[in-house]
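I have placed the structure first, in the form of C-alpha cells, so that the comments after it can refer back to it.
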Amino acid sequence: MVPVNYYIILSAVLFTIGALGVLIRRNPLIIFMSVELMLNAANLAFVAFARANGDSNVAYSGQIFVFFVIAVAAAEVAVGLALIVQIFKSRHSINVDEMNSLKG
Amino acid sequence: MPQPTDFQTILPLTVLSVWACVLLLVDLFIPKTRKSITALLSALGLALTLGLTLAQTGLSLTGFNGMVVLDGFSIFINTILLISGLLGVAVAYGYVRRMGLERGEYYTLLLFSVAGMMLMAQAADLIVVFLALELLSIPLYVLAAFNRTKTDSEEAGLKYFLLGAFSAGFVVYGIALVFGATSTTSLTGIVAALATGAGAANLPLLAVGAALILVGFGFKVAAVPFHMWTPDVYQGAPTAVTAFMAAGAKIAGFAALLRVFATAFSSLAVDLTNVLWALAALTMIVGNVIAISQTNIKRLLAYSSIAHAGYILMAFVPYGNREVMPVSVAAGLFYLVSYAVTNFGAWGVVIALEKAEGKGLEVADYAGLGRKYPALAAAMTVFMLSLIGLPPTLGLVGKIYLFRAVIDGGFYGLAVIGVLTSLVSAYYYLRVVVTMYMRDGEPQAGREFWLDATTAVTALVTVIVSLVPQWLFALASESVLKLF
Amino acid sequence: MEFLLQPLTLMTFFPLLGALVVLFLPSAQKNLLRWTALVVSLITFGISLWAFFFSGQYAASSPDLQLVARYDWITVAGWNIQYYLAADGLSILLVLLTTFLTPISILSTWTAVEERVKDFMLFFLLLETGMLGVFVAQDLFLFYIFWEFTLVPMYFLIGIWGGPRRIYAAIKFFLYTMAGSILMLLAILYVAIKSGTFAVPDLVNQLPALYASGVIDPRTQMILFGAFLAAFAIKVPMWPLHSWLPDAHVEAPTAGSVILAGVLLKMGTYGFLRFNIPMFPGASLQAAPWIALFATIGIIYGAAVSYAQADVKKLVAYSSVSHLGFVMLGLFALNPQGIQGAILQMINHGLSTGALFLLVGMIYEQTHTRELKVYGGLWKITPVFGSIMLVVALSSMGLPGLNGFVGEFAILLGAFGSDAIGSPWYAGVSAAGVIMAAIYILYMFQKMFLGPQGEIVDEVKKHGHGLRDLNWREIITIVPILVFIFWIGLYPKPFFDLMAPSVNNLVAALQTAAMAMP
Amino acid sequence: MTIDLILFLILALVAVATALGMLLSRNAVYSALFLVLNFATVAVFYILLAAPFIAMVQVTVYAGAIMVLFLFVIMLLGTDVLPPGKALPWQRPLAGVLAFILAAEAVYLLVARAAPAEEIFRPEAFVNTMESLRVMGRMLFNEYLLPFEVTSILLLVAMIGAIVLTLKEKGEQN
Amino acid sequence: METTGFFFLAPWIVFFPLIGLLINLIFGKRLPEQAIGWIASLASGAAFVVSLLLAYSLSAAHGEAFRWTIGEWMHIGDLQLDWTFRVDTLSTTMMLVVSGVGTLIHIYAIGYMHEDVRFKNDPGRYQRFFVFFNLFIVAMMILVGGDSYLMLFVGWEGVGLCSFLLIGFWYDMDTLARPSWANSNAAKKAFITNRIGDFGFLIAGFLMFWYLGSFQFDHVFEAAQHAPPEIIIAITLFMLVGVTGKSAQIPLYVWLPDAMAGPTPVSALIHAATMVTAGVYLVARSAELYTLVPAAQYIVAMTGAVTALFAATIAVGQYDIKKVLAYSTISQLGFMVAAVGMGAFVAGMFHLVTHAFFKALLFLSAGSVILGLERGHHHLAHGHHAERGKKKEGGHDEAHEEVFDPGDMRNMGGLRKTMPVTFWLYMIGTLALAGIFPFAGFWSKDEILLDASLHYPTVYILLTIAAFFTAFYMGRQVWMVFFGEARHEAAAHAEESKPIITAPLMVLAALSFLGGALNLPFEGFHNLGHWLEHTLHEVEALPLDLKVAGISTALALVAILISWLIYGRNPLKKGQPDPLKKPLGFIFTGMENKWFVDEGYRAVFVDRYVDISRFLADVIDWRFWHDWFHDKVLAGTYNWLSNIALNKYVDQRGIDAFANGLGDATKNLSAALRRVQNGFVRSYALSVLLGVVLILGYLLFK
C-alpha cells in the first residue's frame with residue numbers, strides 16, 4: 001500500500017526539475033520539454049489525488065482533468081513548435097540567450 | 001444530457017465562437033486586398049455578441065453542471081471585453097494595413113481570444129478556468145508574433161509563449177492541489193467542501209494551491225514579480241495587439257481572479273490578503289519606478305499598465321472582508337473600466353504616430369505634437385492626466401474610489417504607497433506632455449478614420465463619464481453584489 | 001437650466017464657456033482671442049459682483065453659506081458626493097480677488113504673449129474656472145477636483161510661456177503641489193468614510209460628535225490635520241516647503257506670476273481657513289504654536305533671503321514667503337483680529353505682490369533682464385512707472401495708510417495676544433519682519449529707480465528707441481489695483497464687514513472646541 | 001516494506017533519473033529521449049493508480065505524438081547542441097537554490113502540514129476494466145461536454161496559429 | 001458737545017495740504033514754477049490759518065479737548081479704531097509750529113529750489129519737491145492731530161516716508177552732485193533706522209491694546225491708572241525706542257547727519273523744526289503714562305542728556321556747515337527729551353517751539369550761505385567755461401578742477417562782507433541757540449536746566465556741559481564762516497540771496513528773538529504753561545533761578561570767548577588744519593569722525609545682516625535647500641530610479657543638478673536595477689519562480 005503522499009512528493013520533485021529546466025536551459029525546445037515535464041508532474045498529482053478519494057466520480061473527474069491537460073499541452077506544442085521553427089527560419093538560431101533585443 | 005438553459009448560459013460565447021469559425025472559412029474567399037471586409041465582419045460579430053450579452057441583462061443561470069455561470073458580474077465583464085474587442089478591431093483596422101500584416105486570421109484569432117476571455121469571466125469550474133486561460137492566451141501568443149517580418153515580434157511571441165506556458169504549469173499544479181484538498185474543481189463544490197469540513201484537514205494544501213493559481217493570474221495581469229514579460233511583449237508585439245492585450249487580458253485575468261478567490265477561496269483571506277497586499281504594493285512601486293527610465297513610449301505604457309495592475313490589485317486586497325468587499329471590488333471594476341478606456345485611447349495615439357519601420361515610438365518623437373496635431377495632443381494629454389489621476393478624467397474618479405475602498409478596509413499603508421507611487425507616475429506621464437507641448441519637432445501622424453474615432457471617443461468618455469461616474473459605479477457594484 | 005443660472009455656477013463655469021469659445025476661434029486672430037478672453041473674464045467679474053452685491057441673494061451680514069447650489073452628484077454604495085457650491089465671508093473676498101485679478105493679468109499679456117495666444121487664453125480661462133471652483137466648492141470631493149484641476153493649466157502656463165528653465169520649474173511646481181494634495185486625498189476619504197458625507201458644513205457639524213465619542217481619537221485628528229496641512233502648507237508655501245516657489249515665479253510669464261502669487265498661493269491659506277481650522281479645531285489649537293513658530297521663521301527667513309537676491313522676480317518671490325508667513329501667523333492666532341487680518345492680508349498680498357509682478361513684467365518687456373545691478377536711476381526716465389512702483393512697494397512693506405499695514409497690524413496684534421499661540425514672542429519677532437521688509441523693499445526700489453543711471457538704459461537705447469514710460473494700457477492695467485491699495489489702507493471697513501460675521505462664527509466654534517478639550 | 005512500495009521506489013527512482021537526464025544532457029535529442037522514458041514511467045504509475053485510460057493517453061499522445069513531434073523539430077532545425085553560452089553566470093546557481101527551496105517547501109507541505117488520506121485502499125470495482133473507459137466516455141459527453149468542446153476549439157485555434165505562424169504567403173520571403 | 005467755534009475745521013489741517021499736493025501732482029506738469037510753489041505754500045498756509053482758528057476756539061472752550069471723527073478705520077472684535085482728530089492744547093501747539101514754520105519754509109523753498117534745481121540741472125524736479133513737501137505737512141498733521149496712538153503712528157511712519165523721499169530728493173547724486181548712490185543710501189538709512197524705532201512703537205502698541213485695551217489716548221490713560229506698573233514700564237520703554245529713532249537719540253541718531261543730503265529746506269523743516277520733534281511730542285503726549293513710572297522717566301531723561309552732550313562734542317569737530325547744525329539739532333533734541341523725561345513737559349515743549357524757530361532760521365541761513373557760494377562758484381565757472389557741460393555730468397570732472405563743496409566751512413570765510421543780511425540773521429540764530437539772554441533759546445533752555453537742577457543733578461551737569469559746547473561750536477562756526485577772509489574764490493565772489501529767500505528768514509529771526517515771551521519764568525507769564533496745563537495736568541511753573549541762569553549764560557559767554565581766541569583772533573588760513581587738532585589730538589580725531597559710531601554700526605550690524613542674508617540666500621536656501629536637497633536628493637532619487645537618458649527631458653540646468661546628484665553608488669544601483677529587466681526569458685522565469693517560492697514560504701512558515 002503506497003501512501004498517496006509518496007506520489008505527490010514524487011510529482012513535486014518532477015515539477016521542480018521541470019521548473020529548473022526552464023530556468024537553466026538555453027534551448028527553447030528543451031525549455032519547452034521542461035514545461036511538459038511540469039504539466040506531467042501536475043497530472044501525476046491529479047491522478048494520485050483522484051485515487052486517494054474513494055468516490056469513483058471524484059476519481060474519474062480527476063482523470064478527466066488530466067485528459068484535458070494533455071489536450072491543452074498538445075495544443076501548446078503545436079503553437080510553440082511553430083513559433084520556434086519560424087524563429088529559426090528568420091534568424092537561424094534558437095538560442096533564447098540571443099533573443100534579448102527587447103530589454104531595459 | 002445538456003439542457004437548453006445550458007446553451008442559453010453561454011449563448012453569446014457560442015455565437016462568437018461559431019462566428020469566428022465561420023469567419024475563418026469566409027475569409028478564404030475574401031481577396032487579399034479586401035481584408036477590411038473581414039475586419040468589418042468580425043466587428044459585426046462582436047457587435048452582435050455584445051447585443052446578445054446586453055440582452056441577457058438580469059439573467060442569472062448556471063449551465064453544464066455548474067461549469068459556467070451567467071450573472072450580472074459576467075455580463076458586466078463580458079460587455080467590457082466585447083467593447084475592448086471592438087476597439088481592438090478599430091485600432092487594428094488601419095494599422096495592420098499600414099504595417100503590411102493585413103491577414104484575415106488576425107481578426108479570427110482576436111475573436112477567439114475574446115471568446116476565451118468571456119469564458120474566463122463565466123467559468124465556475126477550475127477546469128473551465130484553465131481551458132479559458134489557454135483559449136485566450138494561445139491566440140495572443142500568435143498575435144504577439146504576428147508581425148513575422150520583425151524579429152522583435154517573434155521574440156515577443158516566444159517570450160510570451162514560454163513564460164505563459166511556464167506559469168500555466170503552476171496553475172495546473174495549483175488546481176491539482178486544490179483538487180487534492182477538496183476532491184473537486186468546481187468553485188461551488190470547493191465552498192461546499194470547506195463548509196462541510198471534509199477537506200478542512202487540508203487547508204494548507206488548499207492555500208498553496210490557491211497561491212499557485214494566483215501566480216497564474218498574476219502572470220496574466222502582469223503583477224510583480226510575474227510581470228517581466230510585459231514590457232518586452234508589449235514593445236515587440238504589433239501595437240494594435242498590445243492595445244488589445246493590455247486591456248482584454250487584464251480584464252479577463254482580474255475577472256477570473258475575482259470570481260475564483262471571492263467565491264472559492266474567501267476562507268483563505270487571512271493568508272492571502274497579506275500576499276495580495278505585498279503583490280499590490282510591489283506592483284505599484286516597481287511598475288512606476290522603472291517606468292521613469294523609459295524612453296520608448298510602448299515600454300513606458302507597458303510599465304504604466306503594470307503599475308495600474310497594482311492599483312487594481314489594491315481593490316482585491318480586502319476581498320475577505322464581507323463588508324468592504326463589494327464596494328472595494330466595485331471600485332476595482334470601475335478602475336478596470338477607466339483603465340481600459342484610457343489605455344485604448346493612449347495606445348490609439350501611439351498607433352497613430354507609429355511608422356511602418358517601427359519609428360515614432362520614442363517619447364522624443366512626440367515633440368511638437370501640440371503644435372502640429374493639437375487635437376491628437378489634447379487627447380493624449382487627457383489620457384496622461386487620467387493615468388496620473390487628475391481631473392477632469394476617469395482616472396481621478398477611479399483612483400478616488402479605489403483609495404476610499406482601501407482606506408475603508410483599513411489598509412492605510414497600502415493607500416499611502418498608492419498615492420506616493422501615483423505621484424511618482426506623474427513624473428513620467430508629464431514628460432510625454434512636456435515633449436508634446438514644450439519641445440519643437442516635426443512629428444508625422446498617420447490618420448485613419450477608425451483610429452481617430454477610437455481616440456476621440458475614448459477621450460470624450462474619459463472626460464464626460466468622470467463628471468457623471470455614478471451610473472458606471474452603480475453597474476459595477478450591482479454586478480459585484482450578484483457574486484454573493 | 002435653473003441649475004446653470006445659479007450665480008455661483010454661472011460665475012464658476014462662465015470662463016470655461018469662454019474657453020470653449022476660444023477653442024473654436026482661429027489661432028491667427030491674436031487680437032480677437034485677446035479681446036474674447038478679456039471680455040469673458042470681465043463678464044465673470046461682473047457676474048461675481050452681481051452675485052454678491054446686486055442679486056439680493058447674498059446677505060453680507062449673515063455668517064452662513066449663501067448662494068447655495070446643492071445637488072446630489074454621486075450617491076451610491078454609501079457615497080454622498082454633492083455638487084455643492086456656496087460662499088460666505090471666508091471666501092467672498094478671495095472669489096472677488098480672483099475675478100478681479102484675472103482680467104488684469106490677461107490685459108498684462110497683451111503684448112507680452114505673442115506666440116500661441118490661443119492656447120494661452122484657453123489655459124488662462126480654464127485656470128480661472130479652477131480657482132473659482134476651489135473657493136466656492138463646499139464638498140470635499142468637488143473641492144479636491146477643482147484643487148487638482150488648477151494644477152494643469154498653471155503647469156502649461158509656466159511650461160510653455162515661461163523662461164529658459166521653464167520645464168524644470170513647471171515639473172517641480174506640479175510634483176510638489178501634487179505631493180501635498182495627494183496626501184490630503186487620503187485624509188478626505190478617511191473623514192468622509194467616518195462621517196458619511198463630503199459636505200464641509202455637515203462635516204463641521206458632525207465631526208465634533210465623532211471626536212467626543214472617540215470615533216476619531218485626538219491622535220488621528222492630528223494626523224488628518226497633518227495630511228491637510230501637507231497639501232496647504234506646500235501650496236502656501238510655508239517655510240521650509242517653499243523651494244518650488246522661486247523657480248515657479250522666476251520662470252513663469254508675468255500673468256502667470258501674478259495669478260500664482262495673487263490667487264494660487266491663497267488657495268493654500270484659504271484651505272487652512274475653510275478646512276483645517278473648522279474641521280479639526282482641537283488639532284488646530286494644539287498645532288497653533290508650532291505653526292506660529294514656522295510662520296515666524298518664514299517671515300524672518302523670507303525677508304532676509306529676499307534681501308540678498310540679485311533677480312527682481314526672485315526677490316519678490318521670496319518676499320511672498322515672508323508675507324504669507326504673516327498670513328499663517330494671523331490664521332493660527334485663532335482670534336478675530338488675527339483671522340480677519342489674515343484674510344485681509346491675503347487680499348493685500350494678492351494686490352501688492354500681483355502689482356509688483358505686473359510692474360516687473362512691464363519693465364522686463366522692455367529690458368529683457370531682471371538683474372538688479374543693471375538698473376538704477378530709472379525714476380528720472382520713467383517717473384510714472386517709478387511713482388506707481390513706489391506706492392506698490394510701500395504697500396507691500398506695510399506703510400500705514402496703505403493696505404499692507406492694515407492687514408499686518410491686525411495679524412500681529414492678534415498673534416501678540418493670542419491664547420492659542422500662547423506667547424507674544426512670535427508676534428514680537430515677526431514684527432521685526434516689518435523692519436526687514438523695509439530693508440529689502442527699499443533695496444529693490446533704490447537699485448531700480450534711485451542712484452545713478454544704470455547701464456540698461458543705454459543698453460535699451462542701442463536697440464531702437466530707449467526706455468519708455470508706462471503706456472495707457474499698462475496704466476489702465478495697474479490703476480485698479482492702486483485704487484484698492486488706498487481704499488483698503490484708508491477705509492477697510494467694507495472689507496472687514498464682509499468677513500466679520502463668518503469669522504466670528506468660526507472663532508466662537510473654536511472657543512467651544514477649546515472648552516471641550518481636556 | 002511491501003512489494004508495491006519497493007516497486008514504487010524503483011519506478012520513482014527511474015522517473016527522477018530520467019527527468020534529471022532530460023535536464024542535464026547537453027544534446028537535445030538525448031533530452032527528448034529521456035523525457036519519453038520519463039513519460040513512460042509516469043504511465044506505469046497511472047496504471048498503478050488505476051487510471052488505465054490516462055496511462056494509455058499518456059503513452060500514445062505524450063510519449064508518442066508530442067515527443068515525436070519534438071524530435072522531428074530538433075532534427076529539422078539541427079539544433080541538437082547549442083554552443084556553450086556565457087551569459088547570465090549567476091542564473092544556474094540561483095535557479096538551483098530556488099528549485100531546492102521549492103522542493104523543500106513542497107515536501108514540508110506534504111509531510112508536515114497537509115497529509116492526505118494515508119493509504120490507498122483497493123477498490124475492486126473498477127480496476128482496469130472496460131467499464132472505467134465507458135464511464136469516463138459518458139462523463140466526457142455529459143458533465144464535461146463544455147470543456148470538451150472548448151478543448152476542440154482550443155485545438156482549432158492552435159492549428160490556425162501554427163499555420164499563421166509558419167505558412168509562407170505568396171510574395172513574402174524570409 | 002457744543003459746536004461753537006471752528007472745531008469742525010479740524011480735518012482741514014490735513015485736507016488743505018492734501019489738496020495742494022493733489023493739484024501739484026496732477027497739473028504740476030503744466031503749471032509754471034512760481035505757481036507750483038505758491039500753491040503749495042498756500043496749502044500749508046491755509047493749514048496754519050485753520051490751526052489758528054482751532055487754537056482760538058480751544059481757548060474759547062477753555063482748553064476743553066475736542067475730538068472729531070471722520071470715519072471708521074479698523075473695527076475687529078474689541079479693536080475699535082477710527083480716523084479721529086483730537087484738538088487739545090498740546091496738539092494745537094504742535095499744529096501751529098508745524099504749519100507756521102512749515103509755511104515759512106515753503107515760501108523760502110520757492111526761491112531756494114528755483115536755484116537748486118538749476119544748479120543740479122534738473123528743473124523737472126521742482127514740482128516733485130513741493131508735492132513731497134505738502135505730503136509731509138499732511139503726514140505731520142495726522143501725527144499731531146491724531147486721537148489714538150495708532151493714528152499717531154500713521155503720521156509717524158508717513159513723515160518717515162517723506163523724510164526718505166526728501167533726503168533722497170537728489171537720489172541720483174551725492175551732496176556734491178556727483179553721480180552716486182550716496183544720497184539714496186542716506187535716504188534708505190534714515191527710513192530703515194526709523195523703522196527700527198517704529199518696531200518699538202508697534203510692540204508698545206500691542207502691549208497697550210492687550211493690557212490697556214485700547215489705542216485711544218483717554219482710554220489708555222484711564223486704564224493705565226490701575227494697570228501693573230511693569231506693563232507701563234514696558235510700554236513706555238518700547239515707546240522710547242520709537243522716540244530714539246524719530247528724534248535721533250542715542251543709539252538711533254545716526255541717520256540724522258546723513259539726512260543733510262536733502263535740500264536745505266528739508267533739513268530745516270523736517271530734520272530740525274518739526275519731524276524730529278515728534279518723539280518729544282510723543283513723550284509729552286504720553287505724559288500720563290510716564291509720570292506713573294519714574295524709573296522709565298529717569299531712563300528717558302538720561303538718554304536725552306547723554307545724547308545732548310555726545311552730539312555736541314561731535315558738532316565741534318565738523319567742517320560741513322549743515323553737519324554742524326545737524327549734530328546741534330541732535331544735541332538740542334537731547335535737551336527736549338531730557339526735559340520731557342524729567343516730567344518737565346512744558347519746558348520740553350517750550351524748547352521744542354523756540355528750537356523750531358532758531359534752528360529753522362539757522363538752517364535756512366546756512367542754505368542761503370551755500371547758495372551764495374554756489375552763485376560765486378557759478379560766476380567763476382563762467383570765467384573758465386565748460387562749467388555747464390560739467391554740471392550736466394553732475395559737476396563731476398576732477399581733471400578740470402577739484403570738486404567744489406559749497407557746504408564746507410573751510411571754503412568759506414569773510415562772508416560777513418559779501419552776504420551781510422544772511423550774516424545778521426545767522427548771528428541771531430546763533431545767539432538764540434547758544435542761549436544768550438534775551439534770545440528765545442535762553443528762556444527755554446534755562447527752564448530745562450532749572451528743572452534738571454531741581455530733580456536730576458546728573459542730567460543737570462550733563463546738559464550744562466552740553467550747553468557750553470553748544471555755544472562753543474556755534475562760535476567756531478560763525479568765526480569760520482563769516483569772519484576772516486575768503487579761503488576760496490567762490491567765497492570771495494559769493495552773492496547775497498534774493499528777498500524771497502531772506503524774507504522768511506527775517507520772520508524766523510524775529511521769532512527767535514521774541515520767542516521767549518511765550519513762557520517767561522515770571523508770575524503771570526507762563527502762557528505756554530497754562531495753555532498746556534489743560535492737556536498735561538500738574539504743571540509746575542518755576543520762577544527764574546538766577547543761579548542756574550547765571551551759570552549757563554556765563555558758560556555760554558566763556559565758550560564763545562574761547563572760540564574767538566581759537567578761530568576768531570587769527571582766522572583759519574586756506575588749507576590750514578583745524579587749530580584744535582594739535583592740542584586735542586586723538587580726541588579731536590574722534591570728534592571729526594563722529595566717534596566712529598557709523599563705522600562701528602556698519603561693522604557690527606549692517607555688514608553682519610548682509611552676510612547673514614547672503615549666507616541664508618546662497619548657502620542655505622539655494623545651494624543646500626534648493627540645489628542639494630531638492631535637486632540632488634529628491635530629484636537625484638528619481639534618477640537612481642531612472643537613468644541618465646531621463647535628463648534629456650529636463651532642461652540643461654536640470655541635467656547638471658540631476659546628474660551631479662548621481663553619485664557612483666547610485667549610478668551602480670541604477671545599473672543594477674536596469675540589469676534585472678535584461679531581456680533574457682530565463683531570468684524572467686527566474687523571477688516568476690522567485691515569486692512562487694516567496695509566496696509559498698510565507699504561507700508555510702508564517
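A, B, ... follow the sequence lines: proteins, then strands. Residue 1 opens every chain. Scope of the values below: all heavy atoms of this structure, side chains included, with no hydrogens, waters or symmetry mates.
- In this structure, no portion of B:Leu282 lies under 4.5 Å from any heavy atom of chain E.
- With chain E as the partner, the residue from B:Leu158, B:Val215, B:Leu268, B:Val208 showing the most heavy-atom pairs under 4.5 Å is B:Val208.
- Between E:Arg614 and E:Asp611 there is no salt bridge, since no side-chain nitrogen of the basic residue lies less than 4.0 Å from a carboxylate oxygen of the acidic one.
- Only the side chain of B:Phe170 has a heavy atom closer than 4.5 Å to any heavy atom of chain E.
- Scored by the salt bridge (charged side-chain N to carboxylate O under 4.0 Å, His left out) test, E:Lys189 finds E:Asp258, E:Asp598 as partners (sequence neighbours excluded).
- If you measure heavy-atom distances from B:Phe226 to chain E, the contacts under 4.5 Å come from both the backbone and the side chain.
- Between E:Asp172 and E:Arg125 there is a salt bridge, with a side-chain nitrogen of the basic residue lying less than 4.0 Å from a carboxylate oxygen of the acidic one.
- Residues that satisfy the ring-ring contact (aromatic ring centres under 6.0 Å, His included) test with B:Phe130, not counting sequence neighbours, are absent from this structure.
- Checked by atom type and distance alone, the side chain of B:Ser422 never pairs as donor or acceptor with a backbone atom of B:Ser425 at under 3.5 Å.
- Neither the backbone nor the side chain of E:Leu690 comes within less than 4.5 Å of any heavy atom in chain B.
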